[in-house]
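Taking it in order: structure first as structure tokens, then the write-up.
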Amino acid sequence: MLLDYPVDSMSMPRSMNTKTLEIRKVPSKDWTSGFFAGNLWQLYRLTGDSKYKEQAQKWTPFSKKESVNSNSHDVGFKVFCSFGEALKVENKKEYEAVIIKGAETLCTRFSPKVGSIRSWDFNKEIWDYPVIIDNMMNLELLFEASKLSGNPKYRNVAIQHANTTLKNQFREDNSCYHVIDYNPNTGAVRKKTTLQGYNDDSVWARGQAWAVYGFTMSYRYTKDEAYKKQAEATALFFMTNKNLPEDGIPYWDFKDPSIPNSPRDVSAAMVMASALYELYSYTKKESYLAFADKLIASVQTDKYILDSEIKAPFLFDHSTGNWPKHDEIDEPIIYADYYFLEALLRKRDKGSK
């Protein structure tokens with residue numbers, strides 16, 4: 001179904017309503033737009049089947065214009081999950097140029113006063129300078145752009161953002177807040193809140209996975225022990241949580257009062273699995289390898305694999321996008337597939353990026 005899906009720059013598959021069978025399709029400006037091309041590149045690396053590479057080559061260019069879109073902090077997701085994956089297969093200067101241009105664009109959203117990249121521009125009546133834990137994921141674009149270009153600027157911005165997040169985003173139990181709102185004039189924290197969690201003090205599952213992944217990846221580029229320490233602490237919080245189901249696939253929020261009658265989030269599990277394979281490569285702690293293996297085994301069952309009768313370019317059901325908005329609840333979502341495929345590659349290579 002991934003090979004047969006019609007190539008269309010305005011119709012990147014994002015998610016699917018399994019009741020109406022309607023596929024949610026998005027243009028490149030959507031934060032999820034780079035994942036489908038990335039999935040095709042990763043499938044090529046996993047299978048060696050050139051058909052996946054041929055399709056990936058058609059989809060990847062659609063994300064190019066996002067390298068100059070300064071209206072979004074998700075340049076990393078859009079550009080690096082497509083062009084970054086392409087570069088792992090084909091060492092092309094034009095791919096490198098798009099990544100470096102994207103990093104330059106992302107830096108325009110950085111405030112030295114706050115020490116962070118601004119996440120969102122909407123809801124200005126609610127917050128002044130919001131920074132979300134998801135934004136850690138966009139730092140890979142910056143670190144890699146510095147490697148490719150030799151320009152330390154991008155790396156320096158990434159490090160400042162990671163340090164500010166490390167300082168302000170975590171609770172004493174090593175879970176993380178979704179949103180920290182800063183005073184843009186002083187850099188002081190205004191409030192610690194959420195948009196996608198159950199409430200400000202709840203524990204949004206995918207946010208915890210973004211944190212572990214983001215700080216593990218930041219350790220890869222910096223070897224800063226503080227990053228690895230935080231990644232390990234938040235991973236332990238996730239892995240040992242009393243509200244984690246037996247199969248390891250978390251409820252969408254660890255503190256949803258309707259647990260156990262609460263939607264799961266396969267995407268959170270797959271982000272965590274991929275992160276743990278990399279974290280294992282730096283720590284050699286078998287518990288990370290075992291937990292990641294468990295997650296990968298759990299989703300490869302009839303409980304989570306999308307019904308073969310449903311014709312759609314997705315692998316898994318039962319991810320949760322934005323519960324408070326009643327948006328993409330208990331559905332196939334593209335990034336669950338992306339991080340599953342990445343996790344398979346890391347499992348095969350025992351944790352290397």
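- In this structure, the side chain of Asp337 engages the main chain of Leu315 through a donor-acceptor pair within 3.5 Å.
- Using a 3.5 Å distance cut-off with no hydrogens or angles, the side chains of Arg118 and Tyr182 do not pair a donor with an acceptor.
- Under a 4.0 Å N-O distance rule, the pair Arg264/Asp330 does not qualify as a salt bridge.
- Side-chain atoms of Ser33 never come within 3.5 Å of backbone atoms of Lys29 as a donor-acceptor pair (strictly under, hydrogens ignored).
- For NZ of Lys19, the number of neighbouring non-hydrogen atoms (other residues, nucleotides, ligands) closer than 6.0 Å is 12 at most.
- Note: Tyr304 and Phe316 fail the aromatic proximity criterion, with ring centroids not under 6.0 Å apart.
- Of all heavy-atom pairs between Cys176 and Ala211, the closest is SG-CB, 4.1 Å.
- Heavy-atom neighbours of Lys101 NZ from other residues, nucleotides or ligands within 6.0 Å: at or below the threshold of 12.
- With sequence neighbours left out, the side chain to side chain contact (heavy atoms under 4.5 Å, CB included) criterion links Thr108 to Ser70.
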Step-by-step side-chain hydrogen bond (donor to acceptor under 3.5 Å, both in side chains) determination, Ser146 to Asn151: CA-CA 5 Å; Ser146 275; Asn151 185 344; 5.7 Å; no

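- Ser262 and Trp252 form a side-chain donor-acceptor contact under 3.5 Å, judged by distance and modelled atom types alone.
- Counting heavy-atom neighbours within 6.0 Å of Glu22 CD, excluding the residue itself, gives a total of 12 or less.
- Using modelled atom types, one finds a donor on one side chain and an acceptor on the other under 3.5 Å when comparing Ser119 with Asn135.
- By the neighbour-count criterion of 12 heavy atoms within 6.0 Å, atom NZ of Lys124 is sparsely surrounded, having that number or fewer from other residues, nucleotides or ligands.
- Here the shortest heavy-atom pairing between Gly321 and Ile333 reads N-CD1, 3.5 Å.
- Closest approach of Thr194 and Asp200 over heavy atoms only: N-OD1, 3.2 Å.
- More than 12 heavy-atom neighbours from other residues, nucleotides or ligands sit within 6.0 angstrom of NZ on Lys228.
- Listed for the Thr105 side chain is no donor-acceptor partner under 3.5 Å among the backbone atoms of Asn69.
- The side-chain tip of Arg171 points at the ring of Tyr177 from less than 6.0 angstrom away and within 45° of straight on.
- The side chain to side chain contact (heavy atoms under 4.5 Å, CB included) search around Ala209 returns Val271, Met272, not counting sequence neighbours.
- The residues Glu342 and Arg346 are annotated as salt-bridged, a charged nitrogen and a carboxylate oxygen being separated by less than 4.0 angstrom.
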side-chain contact (heavy atoms from CB on, under 4.5 Å) between Tyr129 and Asn183, worked out: CA-CA 6 Å; Tyr129 196 100; Asn183 180 322; over 6 Å; no

Residues Tyr5, Ser11; criterion side-chain contact (heavy atoms from CB on, under 4.5 Å); working and verdict: CA-CA 10 Å; Tyr5 186 73; Ser11 299; 3.9 Å; yes

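- Under a 4.0 Å N-O distance rule, the pair Lys192/Asp181 does not qualify as a salt bridge.
- For Lys167, the NZ atom sits in a loose shell: 12 or fewer heavy atoms of surrounding residues, nucleotides or ligands are nearer than 6.0 Å.
- Asp317 places no side-chain N or O within 3.5 Å of a backbone atom of Ile305 that could act as its donor or acceptor partner.
- The ring of Tyr213 has its center closer than 6.0 angstrom to the ring center of Tyr339.
- Donor-acceptor pairing under 3.5 Å is lacking for the side chains of Tyr219 and Glu232.
- The pair Arg190-Asp128 counts as a salt bridge, with a side-chain nitrogen and a carboxylate oxygen less than 4.0 angstrom apart.
- In plain terms, the two heavy atoms of Thr216 and Ala231 that are nearest each other are OG1-CB, 3.4 Å.
- At a cut-off of 3.5 Å, with distance as the only test, a side-chain donor of Thr60 or Trp41 sits close to an acceptor on the other residue.
- For the pair Asn138 (side chain) and His73 (backbone), a donor-acceptor distance under 3.5 Å is present.
- Salt bridge absent: Lys51 and Glu54 never bring a charged side-chain N and a carboxylate O closer than 4.0 Å.
- We find that Arg24 and Asp327 are joined by a salt bridge, their nearest charged nitrogen and carboxylate oxygen being less than 4.0 Å apart.
- Of the N and O atoms on the side chains of Trp210 and Asp134, at least one donor lies less than 3.5 Å from an acceptor on the other residue.
- Remark: side-chain polar atoms of Ser281 are paired, donor with acceptor, to backbone N or O of Glu278 under 3.5 angstrom.
- Of the possible donor and acceptor atoms, one in the side chain of Asn243 sits under 3.5 Å from a partner among the backbone N and O of Phe254.
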Intermediate values then yes/no, side-chain hydrogen bond (donor to acceptor under 3.5 Å, both in side chains), Ser15 and Glu328: CA-CA 7 Å; Ser15 59; Glu328 298 176 322; 2.6 Å; yes

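- Arg206 and Tyr335 form a side-chain donor-acceptor contact under 3.5 Å, judged by distance and modelled atom types alone.
- Remark: Arg220 fails to qualify as a cation-pi partner of Phe143 under the 6.0 Å distance and 45° angle criteria applied to the six-membered ring.
- Looking at Gln230 and Asn174, their side chains do bring a donor and an acceptor atom within 3.5 Å of each other.
- No side-chain donor-acceptor contact under 3.5 Å links Gln55 and Tyr44.
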Salt bridge (charged side-chain N to carboxylate O under 4.0 Å, His left out) evaluation trace for Asp4 with Lys311: CA-CA 10 Å; Asp4 295 340; Lys311 301 301 182 190; over 6 Å; no

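- Ser274 places no side-chain N or O within 3.5 Å of a backbone atom of Met270 that could act as its donor or acceptor partner.
- Within a 6.0 Å sphere centred on OH of Tyr198, other residues, nucleotides and ligands contribute 12 heavy atoms or fewer.
- Side-chain atoms of Asn123 do not come within 3.5 Å of backbone N or O of Ile126 as any donor-acceptor pair.
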Derivation and outcome, side-chain hydrogen bond (donor to acceptor under 3.5 Å, both in side chains), residues Thr186 and Lys113: CA-CA 6 Å; Thr186 66; Lys113 179 66 77 174; over 6 Å; no

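- In summary, the aromatic rings of His178 and Trp127 are positioned with their centroids too far apart to meet the 6.0 Å limit.
- For the side-chain contact (heavy atoms from CB on, under 4.5 Å) criterion with Tyr288, the lone passing option out of Tyr282, Tyr280, Tyr277 is Tyr280.
- With no hydrogens or angles considered, no side-chain donor-acceptor pair links Gln42 and Tyr52 at under 3.5 Å.
- Heavy-atom contacts from other residues, nucleotides or ligands closer than 6.0 Å to CD of Glu125 number more than 12.
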Residue pair Lys285, Phe291: steps toward the side-chain contact (heavy atoms from CB on, under 4.5 Å) verdict: CA-CA 11 Å; Lys285 291 185 180 176; Phe291 193 82; over 6 Å; no

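- Partners of Phe83 under the ring-ring contact (aromatic ring centres under 6.0 Å, His included) rule, at least two apart in sequence or in another chain, are Tyr95.
- Ring pair Phe35/Phe77 is tilted by interplanar angle, where 30° to 60° counts as tilted.
- Using a 30° and 60° split on the angle between ring planes, Phe62 and Trp59 fall in the perpendicular class, above 60°.
- Between the side chains of Glu104 and Tyr154, at least one donor-acceptor pair of N or O atoms lies under 3.5 Å.
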